[in-house]
Amino acid sequence: MDRLWQEALEHIKESLSPQLFSTWIKPIRFVRADKSMVYLQVPNRFFLDWIRDNYVARIEQALSTLGAVDYQVILEVGKPENSSDQAENPEPPAAPAREILAQKKPEFFPSNLNPRYVFNDFVSGSSNQFAHAAAMAVANNPATTYNPLFIYGGVGLGKTHLVNAIGNAILKKNPDMRVCYYASEKFMNELINSLRYARMDEFRNKFRSMDVLLIDDVQFIAGKERTQEEFFHTFNALYEAHKQIVVTSDKFPKDIPGLEERLRSRFEWGLIADIQAPDIETKQAILKMKAEKNAITLPEDVAYFLSNSVTSNVRELEGFLIRLGAYASLTSTPITLEMAREVLKDILVEKNRELTVEEIQKTVAAHFNIKMADLKSPKRLKALVLPRQIAMYLARNLTSLSFPEIGERFGGKDHSTIIHAIKKIDKCQEEDFQLRAVIDSLKNTLTR
Ligand SMILES: Nc1ncnc2c1ncn2[C@@H]1O[C@H](COP(=O)(O)OP(=O)(O)OP(=O)(O)O)[C@@H](O)[C@H]1O
C-alpha cells in the first residue's frame, strides 16, 4: 500500500501546480491502510480542514484509478515528522473522510460580508418592502423558499446592504454555514487568476462548496464569455445541491445586455424582487437612522429639506448627511436649514438642474441600442416605436415642457402624438411588469 500511495502522489502531482503540490500534498504522510480505509496524517487542524475540503476527493480518485477502488481516506492530525513516539502512539484517527466532509469549519472560511449591513439598519418603505421581505424570507429559510433570489434596482438603493444582511443573518443563526459574498468583478478576477495559475480545481471547489453564495452586481459579468460560463456551472452545482443563491443587478435579467440566455433564464427560476427609488418618507427615515448612528443631530426641517430636494440615491443622500455632520463638527455649529442650504448649494444646483429632452433621448437610445436620430424620425418600425414613446413619456415626466414643446424636440411631431404616446405607456405599465422595470431603470439613470 505504501507503494500505491507513492504512485497516487505521482498521479496527483500531474494535475497540480508544483507550488500547490508542495504546499498541500507533499506534507501528507501515509500511515497505514486496512481493507477499505487509508489513514493519512497531516500537520495540523487547519491543514486537515483544507485537505478535507479541497483534496480528499482528488486523493480518493487517484487511489481508485490505481486500483484501490472504494477506499476511504481518513485524515488525522499527526506529530511532527521527527517525533520519536509517532509510530508507537499514533493519534486516534479522525472521523472518516465522508463524515469529515459533512462537517463545516467556519472559523477558517472568510465570508467577505460587511458586518455593518444588517436588517436592523435597513429602513423598509414602499419602494423596497418587497425586496426586504424576500430577503428576510431567504435569511430565515435559506434554499427553501426562494432560490435564486434576484434583487435588482438603481444605483445606491440598498442592494448590497440587503444581500449582506441576508448573509449576516444566516451566519448568525447558522455559524457553521459557508456563506460568501462576492462582487461579480471579484469573482471574475479570481477566475482570471485561477486560469492564469492553473488553479481551476481550487476555484471550482471553493465556489461549489458554499452553502450560500451572494453575488453582487452581476451585470458586470455580462459580455464576459468565460466568466459567464464558469458562473453558469457554479450556479448549476449549487442549485442542484439545494444551496442558496442570491444575485443582485442594476437591471431586470432580460434587460442586462450581453447576459447569456441560459443565465438569464436561471435568474428567473426563483424570485425577482425590485428596489425602487425611495419616497420622501423613507428617505427621511433613512436619514434619521443614519444620523443617529453617526451621532449627528439632524433637525426635522433639514431631514425634510434633504429628502425633498435631492437625489433618490441613498448613498448620495448619506454623503450629504456626513458632509453636514463634518461641517457642523469642524465649525462647532449646529446643523440648521440655512447652513444645509449653504453647504450643499453647489451640489443642489447641479442636482436640481432640469433634464433636457436630448439627455433623455440619448439615454433611451443607448438603452435600446438604437440611433438618437431614429427617436426623432417618422419611421414606424416596431423596434423604434416603443423606445420613442418611452422617451416621450419620460420627457413629459422629467421636464416641465408642454406637449407641443416636446413634439417639437421629437422632429416636429404633433402634440396629439405625444399625448397618445404618454397614455399608451401609462396603460402598458399597469399591465406589463417588465416595461415598468425598464422605465424605472431609465428614470433612475437619468435622475441619479
Ligand atoms: N433602505 C435603506 N435603509 C438604510 N440604509 C440604506 C437603505 N438603502 C440604502 N441604504 C444605504 O445606502 C448606501 C448604499 O447602499 P448599497 O451600497 O446597498 O446600494 P446598491 O444598490 O448596492 O448600490 P450599487 O448599485 O452602487 O451597487 C449604503 O450605505 C446603505 O446602507
Side-chain angles (χ1 to χ4, degrees), residues 111-136 138-139 149-169 181-188 213-222 246-253 255-257 259 267 272-296 298 303 306-307 310-326 351 363 367 437-438 440-448:
S111 70
N112 297 343
L113 289 168
N114 184 335
R116 280 195 315 115
Y117 291 156
V118 290
F119 282 123
N120 266 350
D121 291 347
F122 189 85
V123 176
S124 168
S126 56
S127 56
N128 59 28
Q129 66 192 13
F130 182 44
H132 180 241
M136 299 260 275
V138 164
L149 171 63
F150 188 98
I151 300 175
Y152 76 93
V155 176
L157 297 187
K159 302 180 295 293
T160 304
H161 189 135
L162 264 189
V163 93
N164 274 275
I166 296 176
N168 284 318
Y181 166 86
Y182 261 76
S184 70
E185 277 167 314
K186 190 157 180 269
F187 177 88
M188 190 165 74
L213 179 60
L214 311 161
I215 293 282
D216 204 5
D217 287 325
V218 81
Q219 73 273 6
F220 290 124
I221 68 164
V246 183
V247 176
T248 77
S249 164
D250 65 344
K251 293 188 188 69
F252 193 80
D255 296 323
I256 305 176
L259 183 73
F267 292 159
I272 301 185
D274 64 325
I275 304 189
Q276 298 297 333
D279 53 28
I280 293 183
E281 289 74 28
T282 312
K283 285 201 249 179
Q284 273 179 280
I286 295 173
L287 278 172
K288 281 185 194 162
M289 197 261 301
K290 301 267 177 194
E292 213 178 293
K293 287 247 150 213
N294 290 287
I296 296 171
L298 183 72
L306 289 178
S307 316
V310 291
T311 177
S312 50
N313 177 335
V314 181
R315 185 181 299 115
E316 219 163 64
L317 202 58
E318 219 178 319
F320 296 143
L321 173 70
I322 302 298
R323 201 163 157 146
L324 289 183
K351 278 277 155 203
T363 305
H367 179 89
V438 169
D440 283 335
S441 146
L442 285 166
K443 268 189 190 162
N444 238 308
T445 311
L446 285 160
T447 56
R448 69 176 174 229

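Numbering of residues begins at 1 and proceeds along the displayed sequence. Counting convention: from 1, in listed order, for ligands and their atoms alike.
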Please tabulate, one line per pair, the protein N or O atoms found under 3.5 Å from any N or O atom of ligand 1, giving the distance to one decimal.
unit_1, atom_1, unit_2, atom_2, d
ligand 1, 1 (N), V123, O, 2.8
ligand 1, 1 (N), N128, ND2, 3.3
ligand 1, 3 (N), V123, N, 2.8
ligand 1, 5 (N), K290, NZ, 3.3
ligand 1, 12 (O), E318, OE1, 3.3
ligand 1, 17 (O), R315, NH2, 3.0
ligand 1, 18 (O), K159, N, 3.4
ligand 1, 18 (O), T160, N, 3.1
ligand 1, 18 (O), H161, N, 2.8
ligand 1, 19 (O), G158, N, 3.1
ligand 1, 21 (O), L157, N, 3.1
ligand 1, 21 (O), G158, N, 3.1
ligand 1, 21 (O), K159, N, 3.0
ligand 1, 21 (O), K159, NZ, 2.8
ligand 1, 22 (O), T160, N, 2.8
ligand 1, 22 (O), T160, OG1, 2.6
ligand 1, 23 (O), G156, N, 2.9
ligand 1, 23 (O), R315, NH2, 3.0
ligand 1, 25 (O), K159, NZ, 2.9
ligand 1, 26 (O), R315, NH1, 3.2
ligand 1, 26 (O), R315, NH2, 2.9
ligand 1, 27 (O), D217, OD2, 3.3
ligand 1, 29 (O), E318, OE1, 2.7
ligand 1, 29 (O), E318, OE2, 3.4
ligand 1, 31 (O), H161, ND1, 2.7
ligand 1, 31 (O), K290, NZ, 2.8

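Taking the side chain as every heavy atom from C-beta outward, I275 and F130 never approach each other to under 4.5 Å. A 4.5 Å side-chain heavy-atom check between N114 and Y181 finds every atom pair outside the cut-off.
Between F150 and F267, the ring planes are tilted. Angles from 30° to 60° get that label.
Across all their heavy atoms, K159 and I151 have their closest contact at CD-O, 4.2 Å. The two residues K251 and Y152 come nearest to each other via the heavy atoms O-CB, 3.4 Å.
At a cut-off of 3.5 Å, with distance as the only test, no side-chain donor of N128 or T282 sits close to an acceptor on the other residue.
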